[in-house]
Structures are given as C-alpha cells and as structure tokens.
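None of the values given here were measured: they were computed from a predicted structure. Side chains are part of it too, since the values below use all heavy atoms of this structure and drop only hydrogens, waters and symmetry mates.
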Amino acid sequence: MLKIAYHTIYKHPLPEGHRFPMEKYELLPRQLLHEGTCSEDNFFEPELPSEKYILNVHDADYFERLSNLKLSAKEVRKSGFPLSEALVKREMIIADGTMKAVHYSLENGISFNIAGGTHHAYSNRAEAFCLLNDQAIAARYLQQKNLAKKILIVDLDVHQGNGTAEIFQNDPSVFTFSMHGKGNYPFKKEESDLDIEVPDGSGDIEYLKLLKEMLPDLIEKQKPDFIFYLSGMDILETDKLGRLSCTVNGCKERDRFVLQSCHDLNIPVQCSMGGGYSKEIRVIIEAHANTYRLAKEIYF
C-alpha cells in the first residue's frame, strides 16, 4: 500500500498576502481522497521526532536557538516565515514524516511526504522557507539505522538544493544531484556532487532530454541502495518564481521517468513535494497529484 506522511500542522497560518501557498498542504490530500487515488488508510500521521536525529544534520547551536526562538531578525527574514513555536514544531514533524516514510519505501518500494523537500536548510541556518532539511535528516537516519549505505538525492526543484549540497559536501556516501534553473535563486550556488543548470525558458523537450541523458548513467555509476526524490512543481511555466516553461504534462512525464526508473531498478524511493508557486492553486494541486497517481499506477 502507498503510504503518505500527513499532519494538519503542515498548513501553518501565515500573514495575509504571504507568497507561500500553505493551503496546498490541506488541498492536496483532500484532492487525492476525493478522486479515489487514496483512502484514509494511505495516510499516516508523523510526530515530534527525537532531537538526536535532527542533530545528526544540524548544528546544535543553530537548533537550540531555533527551538528557543532566539534566531536574529536577519536569520528570521532569510527563513521567509515569521518564527514561532508552532512553526518549529511543524518543521520537526515534517522531518519525522520523511524519516518514518523511508521504512514504507523499504517495504513497498515508494513512500511520500505531503510536505518536505526543505532543501535550502543548511546545517547551521534557515533559508527560503526551509528551517530543517527533512531529506538530509532522513538520509542520516537511514545510515544510522544501517538501512542504507549509498544514498542518491535527486533534486528536481527549480531552485538548487544549496542546503543539501552544503550538508553533504564532504560525504561520499550521499550523492547530491540537483537539476535547477540556471538563472534562478540561489544566485550564489553551492556545489552539489552533480549540478545541471537548465537555461531560463526551457520547455518540456529540452528539460526531459537533459534528465533522460543524466539520470540513468548517474544511477548506474553511483549504484545507490536508496533514493530521495524532491519533485518540485516550480518548473511550471505558470510558476511565479520558476522561469522555466514546462507544462503540467511535462512535469508528469518527468515524474514518470524518475519513478519508473526507481521501480525498474528496484531501488526504494522516498518523495517529498518541494516548491510550487503558480498563481492558481488548482494548477499546483493538479501537478502534485499527478505524482501520486503515477506512484499508484507504477507500484500498485
């Protein structure tokens, strides 16, 4: 059975006019239930995790100041969210969702987190709506539990996974692959193990060609025993922050290629949703829902 991490805390209240589309975390599971792609049994509720797992990735000083709401005003601005106890709790529960999901991936081949993909969170700071790096935390968790040795992170959000790159910069056991918009944020990029910069304005054909050229060879060379997939929907032509020109169908074909590759090679994969900032929320929900529909089609 497809298992999906979801908690009502994912939809966090924000000031009116804030550009982050928090409502998607409520609307996406509702859509999946409404159309019959999922039932209530598909969802599980994460909890507050042990802090020791977070401290495998994040500096103790940073996490202590974050937890005690002691970040500086500049640090809070860089995070993109007003800092609160509820927000910190949310971030921790998202990380737990990804950690717990990996067990379902090992059991069923695939699992999801309705939220997550917080790849801008560095070991020692928050950035761009990311306070704790859920997939990095889960990768370390897998290794600590001796459930995986070589991990591949496939980050297809339109923005480079700069925090993830920094966290694993000296760790050959976790290979970071980021395929992102060349002219987009972050403007000072980190160095992933493999960075593919996609020119602004690229559409489905160019984007999919690049992916299909790179991913199979990468998997063959790295031979991972677990993959984390960040399926950001901000590559859409309708995205306010994206600058690429991919269609909803193009996103679907991207996800089909990644998930089918993992399935055919029998490599467990955990999927976190990542970004999506199209003006119309229905476009974001449709694009994200396609990933779940494909998982059900390919795996179940």
Side-chain angles (χ1 to χ4, degrees), residues 1-6 24-25 27-44 97-98 101-102 104-117 134-135 138 152-158 177 179 203-205 207-216 218-219 224 226-239 242 244 246-276 278 281-300:
M1 175 183 284
L2 180 63
K3 298 299 285 187
I4 303 163
Y6 171 67
K24 76 177 185 178
Y25 298 119
L27 295 175
L28 178 55
R30 189 183 298 175
Q31 173 62 30
L32 295 172
L33 289 168
H34 171 74
E35 70 188 30
T37 296
C38 296
S39 67
E40 294 288 354
D41 290 343
N42 290 110
F43 295 93
F44 70 92
T98 301
V102 301
Y104 292 115
S105 296
L106 292 167
E107 181 181 340
N108 302 320
I110 190 168
S111 70
F112 280 84
N113 195 339
I114 285 285
D134 68 301
Q135 291 188 323
L152 171 62
I153 298 180
V154 177
D155 186 337
L156 300 187
D157 194 272
V158 82
F177 167 44
M179 184 167 146
D204 294 347
I205 294 173
Y207 184 93
L208 291 168
K209 182 175 182 289
L210 278 170
L211 178 63
K212 291 177 180 180
E213 284 174 351
M214 300 306 305
L215 187 61
L218 177 58
I219 294 174
F226 197 97
I227 290 176
F228 287 95
Y229 178 36
L230 203 170
S231 55
M233 293 305 167
D234 39 16
I235 67 169
L236 283 170
E237 59 191 345
T238 54
D239 198 89
L244 299 187
C246 294
T247 66
V248 170
N249 281 336
C251 283
K252 186 176 182 179
E253 287 310 305
R254 175 201 69 176
D255 290 347
R256 183 188 300 279
F257 182 73
V258 174
L259 299 186
Q260 192 71 59
S261 297
C262 293
H263 176 269
D264 292 350
L265 294 168
N266 198 32
I267 304 171
V269 59
Q270 185 278 330
C271 308
S272 290
M273 292 296 94
S278 293
I281 191 70
R282 64 176 182 82
V283 176
I284 302 173
I285 300 305
E286 176 65 13
H288 279 312
N290 276 335
T291 319
Y292 293 82
R293 295 165 186 152
L294 286 165
K296 187 175 180 181
E297 172 190 327
I298 293 168
Y299 283 86
F300 305 97

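Residues that satisfy the ring-ring contact (aromatic ring centres under 6.0 Å, His included) test with F300, not counting sequence neighbours, are absent from this structure. Partners of Y25 under the ring-ring contact (aromatic ring centres under 6.0 Å, His included) rule, at least two apart in sequence or in another chain, do not exist in this structure. Residues passing the ring-ring contact (aromatic ring centres under 6.0 Å, His included) test with Y104 are F44, sequence neighbours excluded. Remark: A287 engages M233, L236 in a side-chain contact (heavy atoms from CB on, under 4.5 Å) (not counting sequence neighbours). By the ring-ring contact (aromatic ring centres under 6.0 Å, His included) test, F177 pairs with no residue at all, sequence neighbours left out.
Using a 4.5 Å heavy-atom cutoff, the side chains of V248 and C251 are not in contact. M179 has its side chain out of reach of M214: every pair of non-hydrogen atoms, C-beta onward, lies at least 4.5 Å apart. At least one side-chain heavy atom of K24 sits under 4.5 Å from a side-chain heavy atom of I285.
Of the charged side-chain nitrogens involved, at least one lies within less than 4.0 Å of a carboxylate oxygen, so that E213 and K209 count as a salt-bridged pair. Comment: K3 does not engage E107 in a salt bridge, judged by the lack of any side-chain N to carboxylate O separation of less than 4.0 angstrom. Between E286 and K252 there is no salt bridge, since none of the side-chain N atoms of the basic residue sits less than 4.0 Å from a carboxylate O of the acidic one.
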Which atom pairs, one a donor and one an acceptor, fall under 3.5 Å between side chains of residues 260-267 and the rest of the protein, sequence neighbours left out?
{"residue": "Q260", "atom": "NE2", "partner": "D264", "partner atom": "OD1", "Å": "2.9"}
{"residue": "S261", "atom": "OG", "partner": "F257", "partner atom": "O", "Å": "2.7"}

Practice problem: Evaluate side chain to side chain contact (heavy atoms under 4.5 Å, CB included) for L218 paired with V154, printing each intermediate quantity in order. | Solution: CA-CA 10 Å; L218 177 58; V154 177; 5.6 Å; no

Quiz item: Would L2 and N108 count as a side chain to side chain contact (heavy atoms under 4.5 Å, CB included) if you check the C-alpha gap in whole Å, the side-chain angles of each, and the deciding distance to 0.1 Å?
Solution: CA-CA 7 Å; L2 180 63; N108 302 320; over 6 Å; no

Quiz prompt | Verdict with reasoning, F228 to T98, per side chain to side chain contact (heavy atoms under 4.5 Å, CB included) | solution = CA-CA 10 Å; F228 287 95; T98 301; 4.2 Å; yes

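T247 pairs with exactly one of T238, I235, D204 by the side-chain contact (heavy atoms from CB on, under 4.5 Å) rule, that one being D204.
Between the T37 side chain and the R293 main chain, no donor and acceptor come within less than 3.5 Å of each other.
Between Y6 atom OH and L33 atom CG the span is 9.5 Å, to the nearest 0.5 Å.
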